[in-house]
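Written out below as structure tokens is the structure these notes cover.
Reminder, nothing fancy here: chain letters follow the sequence lines and each chain counts from 1.
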Amino acid sequence: MFKYLPHTNEEINEMLEVIGIKNIDELFLEVPKDLLGHDFDIPNAQSELEIRKTFSDLASKNKELIPFMGAGAYDHYTPSIISHLISRQEFLTAYTPYQPEISQGTLQYIFEFQSMISTLTGMDVANASMYDGATATAEAMFMACNSKKRNRILISKTVNPNIIKVVETYAHYKGIEVDFLEEDKGATSIKSLEEKMSKDYAGIIVQSPNFYGIIEDYTGFSDIVSESKGVFIINQDPSTLSVLKTPREWGADVAVGECQTLGIPLSFGGPYIGYFATTTKLMRKMPGRICGVTEDTEGKRAFVLTLQAREQHIRRDKANSNICSNQSLLALFVTIYMAVMGKEGLKEVQTTSSDATHYLYEKVTALPKFSKVYNKEFFKECLIETTLDPKVISQALLDEGILGPLSLGKFDKSRANQLLFSATEKRTLAEIDKLVSILEVL
Amino acid sequence: MFYDNLIFEISKKGHKGYSLPKNVFKSHQFPSELLRESSPLLPEVSEFEAVRHYTNVSFKNFGVEKGFYPLGSCTMKYNPKINEDIASMSGFANIHPYQPIETAQGTLEIYYKTQELLSEISGLHTFSLNPYAGAHGELAGLMIMRKYHEDRSDFKRKNIIVPDSAHGTNPASATVAGFKSIEVKSNFDGTVNVDALKELLNDEVAGIMLTNPNTIGMFEKDILEIAKLVHDAGGLLYYDGANLNPLLGLVRPGDMGFDIMHINLHKTFSTPHGGGGPGSGPVGVNEKLVHLLPSPVIKKVNNKYVIEDNNDTAIGQVSHFYGNMAVVIKAYTYILTLGKENLGNVGRHSVLNANYIKESLKTDYLLPIKGVCKHEFVFDGLIDKSHHVTTLDVAKRLLDYDVHPPTIYFPLIFKESLMIEPPETESKTAIDNFIDVMRTVAEEARTNPELVKGAPYNTTVKRLDEATAARNPRVKFTDLIE
């Protein structure tokens, strides 16, 4: 007997009798004999308390550090109520809301999520989520290429290299050609856009704040792209939209991005959650699930998955996207985050993070072995150059329990001495001063 | 009472639900051109208002812990709480994906060992845990198939064979990977018609996507012959792992001849469905395709766990980082809890449950395919269709009895499909209760059909007007107040 397998031998026999067989083996007679009988080399079962010991040992092989690194995963505070609410079985163990009468809980929070993403980005419609910001960006590319019937896309070199890699991967197998917009002093070059944009391209993908943390100025971009009737896609961290100019205000057609910054723990990279928002004009080409409002037979307001004719289970081989499961529970997570932080809280968190990063930037670039790289406005992440060996910096900080900046050498060996720092509202003045004092003596 | 408020509707200016440390840093002023002009319409609520709101919203949902949830092809088994405790340990939750690997050896060991266990369970050489969901794993798997042929300079193979009973993600994934799908006819029991398959195999076929058992719960008994035919024609076999549960601890897809597969950790390996994610869709391959797995890969080198970029041979990258780590931890916890002793009974008991229900209800519901099924089976609606009570009506009436309906209108090969999957975690008591309820509804359909057609009556909302929602979509709060 095992706690996840409730049947007693007596019960099994009762069931076998109803079926009319003598033992369970008779239910596998059509399976070729050669396929049965493998001796599985799996460890023996552990009791629950042995499980706790096993994982406690594993967790102790990790080291929790104080992060001064972002690069796509940011250490923001998670309000206490979230874990309790999302672990309610009604949310945690429910299936996809295909039977709306008993899924109004899921559908309602998805509707709230869509509403919050729409208002943050300024867009007309948002979907129920994507796997992460990188795949959301790739799917935006697909939408642009499908709606314009073009198979070339432009992406800025200032976009996070992982996002570029995912976009390139998705593009390759779909026969889409990816070309690049050049970087000019840390931001996307408008000159490069003027030179390259044409009716051959379905659109452009840019990111702000970009990989270097720089807030890009998209003045003139929308005009250039729409002159060639292209799709203007901006990848933007939604938490920064509590303060920064929105994709809609820049004239973008699509906004996508990573919502990890809305309180989701670092979790070694996942699960996170991507968002996808666009204009009414492009709504019917948007991938993923969309929740809408309707009424029931008694006139009560209710929520339901809508525009399902876009999705894989209906369009099958004519689908533009194959997404089925998304990141629903994380949509609830960030919805509760945005609800409880609210307009003011979200602004305060991001402003504090930005101020902390600027403080760090001034202090570190004042040190003799560190210098500025670019001269543009950055938000909560900054690029600083050093004459020191980045490995020495990393180790010195690690010895003090600090996760230091990311060296760009991870993606480009020629830029190994350029370091990406980030500070969030969780970093205290004392922590930043300590970081500076360690760097000072190297 | 029916709770009908949106968070925006209970918002009141000045209500505050958060606490942050004081901002002691000098304020940095941005040029106004970079700042947003419009103010976002986000709520302002106190902490307790937020808690009460989302608690009440939760009451409008039906989770697997509330009642029987026999959704075919979804494997709604119990989601163990120990998995949740382990995944949320701070030693796992607070690790940055770019920490030096020496400081993340615990997490990397979990990844590596999970990869190994999935290999042993499935018979495929190596797994990547990068894909975030089943459909995502499928996409990665099909990209692997493309690149395998491309690397051999075989550019003719643009077609993928898919059974006509396949789940929608199969042809959709094929399209996203740049293939054309060709449907192969099924036999009456949904299994692949081998003669029809022979007609389709040629040097333009990259491979075939199959699930075994198929979506109707029938084991593809000709699988060894199918594998040989496809391989002889130069193609590869892809296994959709959605139906892996009945084979757990008994039969291995790798042994059947599959070259590539994905697994749904949120189905077979007990991680919660979350209302639609996060899931996890690891992709596994045989030895000759290992170099194609998405980048980065997690390996063990000299007793240390490392992360390697294999972009020079890989299909590329399908995720920003490494996948849904917290979901992987839950699956690993589950496998260690099951252990060798219990693995085989997952398959055996799930198949026992399905056949028991099938035999118990075949006098009320139309069973199109006789004979033994595996973990799931399909009824083609009620036997007595004289009162025009449809599968939809039956599904809605089940809601009134606190039973989640089975999957309806899928697979498409039957008009009134009701696909039932009772996982191995269901007790005989729960199963017998389900059988009673199904018999009751069948009886109601005979004696009081209008009652069934008007269902549901006891749910928070009644049947919905889905047509208007699609014609005139209102998809955010401001659409309601304009």
Enter the distance from [X]:[atom1] to [Y]:[atom2] here, rounded to the nearest 0.5 Å.
{"X": "A/Gln104", "Y": "B/Asn61", "atom1": "CD", "atom2": "CG", "result": "8.5 Å"}
{"X": "A/His38", "Y": "B/Arg252", "atom1": "NE2", "atom2": "CZ", "result": "3.5 Å"}
{"X": "A/Glu30", "Y": "B/Lys374", "atom1": "CD", "atom2": "NZ", "result": "3.5 Å"}
{"X": "B/Phe92", "Y": "A/Phe55", "atom1": "CZ", "atom2": "CZ", "result": "6.5 Å"}
{"X": "B/Leu20", "Y": "A/Tyr77", "atom1": "CG", "atom2": "OH", "result": "9.5 Å"}

Within a strict 4.5 Å, meaning less than it, do heavy atoms of the [X] and [Y] side chains meet?
{"X": "B/Glu426", "Y": "A/Pro6", "value": "no"}
{"X": "A/Leu332", "Y": "B/Tyr54", "value": "yes"}
{"X": "A/Val31", "Y": "B/Lys221", "value": "no"}
{"X": "A/Leu35", "Y": "B/Leu224", "value": "yes"}
{"X": "B/Leu42", "Y": "A/Met116", "value": "yes"}
{"X": "B/Pro40", "Y": "A/Leu241", "value": "no"}
{"X": "B/Val318", "Y": "A/Thr135", "value": "no"}

Is the positively charged end of [X] above the ring of [Y], judged by distance under 6.0 angstrom from the centroid and angle within 45° of the axis?
{"X": "A/Lys410", "Y": "B/Tyr98", "answer": "yes"}
{"X": "A/Lys245", "Y": "B/Phe30", "answer": "no"}
{"X": "A/Lys300", "Y": "B/Phe2", "answer": "yes"}

_Please evaluate residues B/Tyr322 and A/Phe268 with respect to the criterion ring pair (Phe, Tyr, Trp, His ring centres under 6.0 Å), reporting the C-alpha separation (whole Å), side-chain torsions for both, the decisive distance (0.1 Å), and the verdict._
CA-CA 8 Å; B/Tyr322 320 115; A/Phe268 203 63; 4.9 Å; yes

*If the plane angle is over 60° it's perpendicular, under 30° parallel, otherwise tilted; pick one for A/Tyr170 and B/His136.*
tilted

*Specify whether B/Phe321 and A/Tyr272 have parallel, tilted or perpendicular ring planes, treating 30° as the upper limit for parallel and 60° as the lower limit for perpendicular.*
perpendicular

Is there a donor-acceptor pair closer than 3.5 Å between any side-chain N or O of [X] and the backbone N or O of [Y]?
{"X": "B/Arg36", "Y": "A/Gly122", "value": "no"}
{"X": "A/Thr96", "Y": "B/Gly275", "value": "no"}
{"X": "A/Gln114", "Y": "B/Val475", "value": "yes"}
{"X": "A/Thr93", "Y": "B/Val64", "value": "yes"}
{"X": "A/Asp355", "Y": "B/His28", "value": "yes"}
{"X": "A/Ser115", "Y": "B/Lys476", "value": "no"}
{"X": "B/Lys60", "Y": "A/Glu101", "value": "no"}
{"X": "B/Lys16", "Y": "A/Glu344", "value": "no"}
{"X": "B/Arg146", "Y": "A/Tyr173", "value": "yes"}
{"X": "A/Asn44", "Y": "B/Gly339", "value": "no"}

Considering all heavy atoms of both residues, which atom of [X] and which atom of [Y] are nearest to each other, and what is their separation?
{"X": "A/Ala302", "Y": "B/Val461", "result": "CB-CG1, 4.0 Å"}
{"X": "A/Thr169", "Y": "B/Gly316", "result": "OG1-CA, 3.3 Å"}
{"X": "A/Lys174", "Y": "B/Val176", "result": "CD-O, 3.4 Å"}
{"X": "B/Gln99", "Y": "A/Lys63", "result": "NE2-O, 3.1 Å"}
{"X": "A/Ala45", "Y": "B/Glu341", "result": "N-OE1, 2.9 Å"}

Side chain, backbone, both or neither: which part of [X] has an atom under 4.5 Å from a heavy atom of chain B?
{"X": "A/Pro79", "result": "neither"}
{"X": "A/Leu85", "result": "side chain"}
{"X": "A/Ile290", "result": "side chain"}
{"X": "A/Leu406", "result": "side chain"}
{"X": "A/Ser103", "result": "both"}

*Please step through side-chain hydrogen bond (donor to acceptor under 3.5 Å, both in side chains) for the pair B/His53 and A/Glu112, ending with a clear verdict.*
CA-CA 12 Å; B/His53 172 79; A/Glu112 291 183 1; 2.9 Å; yes

[options]: which one forms the most heavy-atom pairs within less than 4.5 Å of chain A?
{"options": "B/Asn355, B/Val327, B/Val346", "result": "B/Asn355"}
{"options": "B/Tyr78, B/Phe62, B/Tyr132", "result": "B/Tyr132"}
{"options": "B/Val372, B/Thr459, B/Asp465, B/Asp255", "result": "B/Asp465"}
{"options": "B/Met256, B/His273, B/His404", "result": "B/His273"}
{"options": "B/Thr425, B/Leu6, B/Leu41, B/Asn79", "result": "B/Leu6"}
{"options": "B/Asn342, B/Val251, B/Leu117, B/Thr478", "result": "B/Asn342"}

*Is any side-chain N of the basic residue among A/Arg301 and B/Asp4 closer than 4.0 Å to the acidic one's carboxylate O?*
yes

*asked:* What I want to find out is whether B/Arg463 reaches A/Glu295 closely enough, with some N-O distance under 4.0 Å, to be called a salt bridge.
replied: no

*Checking side-chain hydrogen bond (donor to acceptor under 3.5 Å, both in side chains) for the pair A/His7/B/Asn353: CA distance, chi angles, key distance, verdict?*
CA-CA 10 Å; A/His7 301 331; B/Asn353 289 353; 2.7 Å; yes

*Could you tell me which residues satisfy side chain to side chain donor-acceptor pair (under 3.5 Å) with B/Tyr18, sequence neighbours excluded, listed by chain and number?*
A/Glu348

*Decide yes or no on salt bridge (charged side-chain N to carboxylate O under 4.0 Å, His left out) for A/Glu14 and B/Lys428, but give the supporting numbers first.*
CA-CA 10 Å; A/Glu14 284 168 21; B/Lys428 184 168 180 295; 3.1 Å; yes

_Quick one, A/Asn62 with B/Thr107, criterion side-chain hydrogen bond (donor to acceptor under 3.5 Å, both in side chains). Give me CA distance, side-chain angles, the key distance, then yes/no._
CA-CA 7 Å; A/Asn62 285 346; B/Thr107 299; 2.8 Å; yes

*Start with the C-alpha gap between B/Lys340 and A/Asp41, add the side-chain angles, then the distance that decides, and say whether salt bridge (charged side-chain N to carboxylate O under 4.0 Å, His left out) holds.*
CA-CA 7 Å; B/Lys340 185 184 163 117; A/Asp41 183 15; over 6 Å; no

*Give the intermediate values and the outcome of side-chain hydrogen bond (donor to acceptor under 3.5 Å, both in side chains) for residues B/Thr337 and A/Gln46.*
CA-CA 5 Å; B/Thr337 304; A/Gln46 291 187 29; over 6 Å; no

